[in-house]
Amino acid sequence: MRTALQAAVGFLLALLAGRTGASLLATIALGAPPQPPPTDLAGAAAAAPGDAAAAPAGAAVRPGSAPASSAPSPDAALADRADPIASYTLRASLDPAQHTMRGEGTLVWRNASREPQRELFVHLYLNGFKNPRTAFLRAPVGGFRGSEILYDYGYIQVTRFAVREMGGADVWPGGKPTTPGDPEDETDIRVELPQPVAPGDAITIDLAWDAHLPSLALRTGHHGSFHMVGQWFPKIARLEPDGTWAHFAYHRLSEFYADFGAYDVTVDVPEAFTVGATGRLVEEQRRDGRAVRRFVQDDVHDFAFAAWDRFREMRATTDDGVAIRCLFPAGNEREAALEIDLVRFGLSRLGAAFGRYPYGTLTIIHPPEGAEEAGGMEYPTLITTGGSWLWPAVGVRFVETVTMHELAHQWFYGLVATNEHRHPFLDEGLTTYAEADALRARYGDGSAARLLGLELDLLAQYRVGAIASGHNGAVAQPAPAFIDGEDYAGLAYMRPAVLLATLAGVYGEDVVRRAVGRYARENRFRHPGPEALLEAMRREAGDEAAEALRAGLFDGAWVDYAVATFQSWPADAAADAPPEDAAADAPPEGGSEAPAYRGHAVVRRRGSLVLPVDVELHGADGGVQRARWPARESVARIAYAGASPLVAVVIDPDRRVLLDDDLANNARRSDRDLLAPAVLSRASFGVGLALTLLGP
């Protein structure tokens with residue numbers, strides 16, 4: 001899920017933060033070396049960077065085909081189907097004038113754990129909007145979405161919950177069932193069974209319920225005649241293999257966790273209403289002023305739909321047959337065409353990286369003005385976007401980023417169904433990484449904006465939040481543990497994405513992409529924890545990279561490189577230098593065989609995140625030497641030997657370590673004279689310029 005506030009605030013901050021993923025300071029200080037073109041993935045060559053918004057409406061940039069290869073496809077061993085645990089056949093009748101819904105149907109649930117079960121847990125998340133005393137509404141979180149004041153409360157009331165295999169007994173608790181330990185909340189309900197369900201056995205539950213949708217807030221509700229319908233039915237929690245239930249009340253920063261199954265859902269609305277929903281439409285009937293549509297989808301763990309009587313529609317089909325459907329308000333035709341274009345590109349690019357998209361449909365809902373709380377959300381085979389015509393017009397890629405982010409959730413949340421309550425970074429952080437990686441492949445340096453000649457990369461935007469939140473706690477913490485929405489956005493979304501991008505800079509973009517791809521493929525239709533991601537990184541990038549990832553996620557590890565001092569002296573005076581200098585290590589690559597000058601730089605690493613980094617040594621004659629510093633120790637000397645005096649030192653000249661806390665101390669030069677660039681290379685002169693302007 002992505003918010004407009006995140007994007008807008010992040011963009012404004014990132015205007016101060018740079019051109020290509022580090023910061024404006026880094027660009028000034030380290031120069032602006034040309035960036036290599038994006039690396040094409042097998043089977044999905046990246047489009048040349050450009051502005052897709054300038055393409056004709058409906059035009060799509062079609063990825064190229066993979067080169068011929070005798071190697072098997074990485075998708076050859078992908079799981080084709082999920083193990084169905086919780087399958088629903090439902091019927092919902094919506095009254096959009098009253099914002100009410102009557103539902104009925106069946107749930108077939110199988111005990112896939114090792115333990116017999118005498119209880120179930122059922123989530124009634126619409127009850128989070130029932131009154132001001134719910135866990136959701138009494139714990140407002142600043143700095144994130146969902147702060148709207150409700151003018152219409154919502155609820156869900158179960159009227160039947162009968163188990164066929166137990167004599168048809170209605171087992172729904174009487175009175176006012178509440179969340180365990182919270183008598184004011186009704187979103188997480190324990191249901192006691194009259195007899196146990198043995199491991200491997202299944203039960204069929206007949207359901208009926210009434211619901212009232214709230215005014216639109218945080219993923220669901222109504223705005224005028226527009227209805228976004230999510231978490232609208234009694235939804236069984238997930239039972240873990242060890243026999244414990246992963247159940248939790250509806251929390252403002254938490255999303256969802258459920259088992260895979262087959263969904264067969266019939267939606268009954270007034271005839272004038274168009275419906276966009278999870279799955280494919282298999283049947284439609286119109287009678288008595290109503291439209292009855294049946295949607296089916298296997299191998300998913302949720303179902304949502306939107307209904308509105310003013311939707312416009314645009315369709316497209318990918319080369320491999322995925323039907324894309326975009327529903328949008330009048331006046332947003334350009335945005336709809338852009339979203340379809342991005343989805344076509346993203347399905348290919350993300351599919352090549354993380355495993356092919358296995359479904360036949362993808363529906364895009366672009367909410368109308370005033371219904372922004374419905375935007376920026378993901379459900380299986382359905383995403384909601386957002387953004388006005390103004391963003392593309394001024395060159396800000398808000399529409400593109402929200403579209404790609406929600407599309408990437410089809411993998412990280414959809415196909416890899418992690419516990420979003422316990423480890424939100426596994427869906428939001430990996431999705432943000434995938435979003436930035438895909439949009440950089442599409443737009444190059446201008447993946448966030450191309451505005452007034454300035455190209456802004458998304459990682460520059462995300463670095464702002466990642467650094468700001470980096471000392472506020474660990475990335476790997478449960479959703480309710482975040483102190484506020486700003487920390488949640490910075491630590492669950494931005495910091496893991498920038499950490500992965502940093503590892504990609506240090507160990508190779510393809511290596512890290514393969515690691516995340518291995519994790520996604522091996523855990524398709526599963527419910528992995530963080531250890532699966534760490535193991536995938538270890539297998540693809542090695543122990544050092546896996547340890548850096550672990551420390552960055554669990555320990556709040558951070559890093560700040562700094563040039564402390566440097567000096568040089570004539571080589572024939574080496575005998576007069578301190579003994580440890582005379583015995584310094586051999587000079588770095590690029591040094592002279594018979595140097596006229598010797599010296600060293602003292603470099604420091606603060607923080608516990610250990611990553612190797614390059615150090616450049618600049619001579620007065622423009623010569624540049626580069627050394628690789630493993631940075632396992634907190635301070636080191638880098639030897640210099642050259643034809644001229646050492647006049648500047650730059651750590652991480654290629655800006656690979658995006659999580660470096662302070663870029664202003666990455667460079668030092670001897671001459672602060674701004675008018676004497678001739679003695680320095682472009683990079684070292686830029687270092688002096690930045691430090692002269694910003695230093696004391």
Side-chain angles (χ1 to χ4, degrees), residues 22-23 25-26 28-31 467 470-471 502 505-506 548 557-571 573-574 576-591 595 597-620 623-642 644-673 679-681 683-696:
S23 74
L25 172 62
I28 297 172
L30 307 181
I467 297 299
H471 299 278
T502 292
V506 173
W558 58 281
V559 67
D560 178 28
Y561 299 109
V563 180
T565 62
F566 67 87
Q567 57 183 310
S568 62
W569 52 86
D576 298 327
E580 63 270 20
D581 289 331
D585 292 338
E589 181 181 351
Y597 288 86
R598 291 189 180 274
H600 66 246
V602 176
V603 293
R604 299 186 184 276
R605 174 185 57 78
R606 299 170 58 233
S608 57
L609 186 60
V610 177
L611 294 168
V613 68
D614 289 342
V615 180
E616 275 190 354
L617 308 172
H618 291 257
V624 180
Q625 301 173 19
R626 181 175 290 211
R628 185 74 162 174
W629 178 32
R632 297 187 185 95
E633 66 279 14
S634 60
V635 61
R637 288 184 309 157
I638 308 297
Y640 171 77
S644 63
L646 180 61
V647 295
V649 178
V650 181
I651 299 178
D652 194 21
D654 298 323
R655 308 187 293 283
R656 298 184 183 278
V657 183
L658 300 184
L659 276 186
D660 189 340
D661 256 24
D662 183 2
L663 294 167
N665 59 14
N666 279 29
R668 183 179 289 268
R669 56 171 264 167
S670 58
D671 186 359
R672 294 172 63 91
D673 184 359
V679 297
L680 299 176
S681 69
S684 59
F685 174 70
V687 170
L689 174 61
L691 295 180
T692 299
L693 293 174
L694 299 177

Show the nearest heavy-atom pair for residues [X] and [Y], with the distance to one decimal.
X	Y	result
S568	P645	OG-CA, 3.6 Å
Y561	V657	CE1-CG1, 3.8 Å
A548	L609	O-CD1, 3.5 Å
R604	W629	C-CH2, 3.6 Å
A620	S644	N-OG, 3.0 Å
P612	V506	CG-CG1, 3.7 Å

When rounded to the nearest 0.5 angstrom, what distance separates [atom1] in [X] from [atom2] in [Y]?
X	Y	atom1	atom2	result
H600	L646	NE2	CG	9.5 Å
L659	D560	CG	CG	11.5 Å
R626	H618	CZ	NE2	8.5 Å
R606	D661	CZ	CG	7.5 Å
I651	N665	CD1	CG	7.5 Å
R656	D614	CZ	CG	7.0 Å

Between [X] and [Y], is there a donor-acceptor pair closer than 3.5 Å when you use the side chain of the first and the backbone of the second?
X	Y	answer
R632	V610	no
E616	V624	no
R637	A639	no

*Side chains of Y597 and P570 in contact at under 4.5 Å (non-hydrogen atoms)*: yes
*Do the side chains of Y640 and Q567 get nearer than 4.5 Å, heavy atoms only?*
no
*Qualifying residue, where the test is side chain to side chain contact (heavy atoms under 4.5 Å, CB included) with N666 and the options are D660, V649, V650*: D660
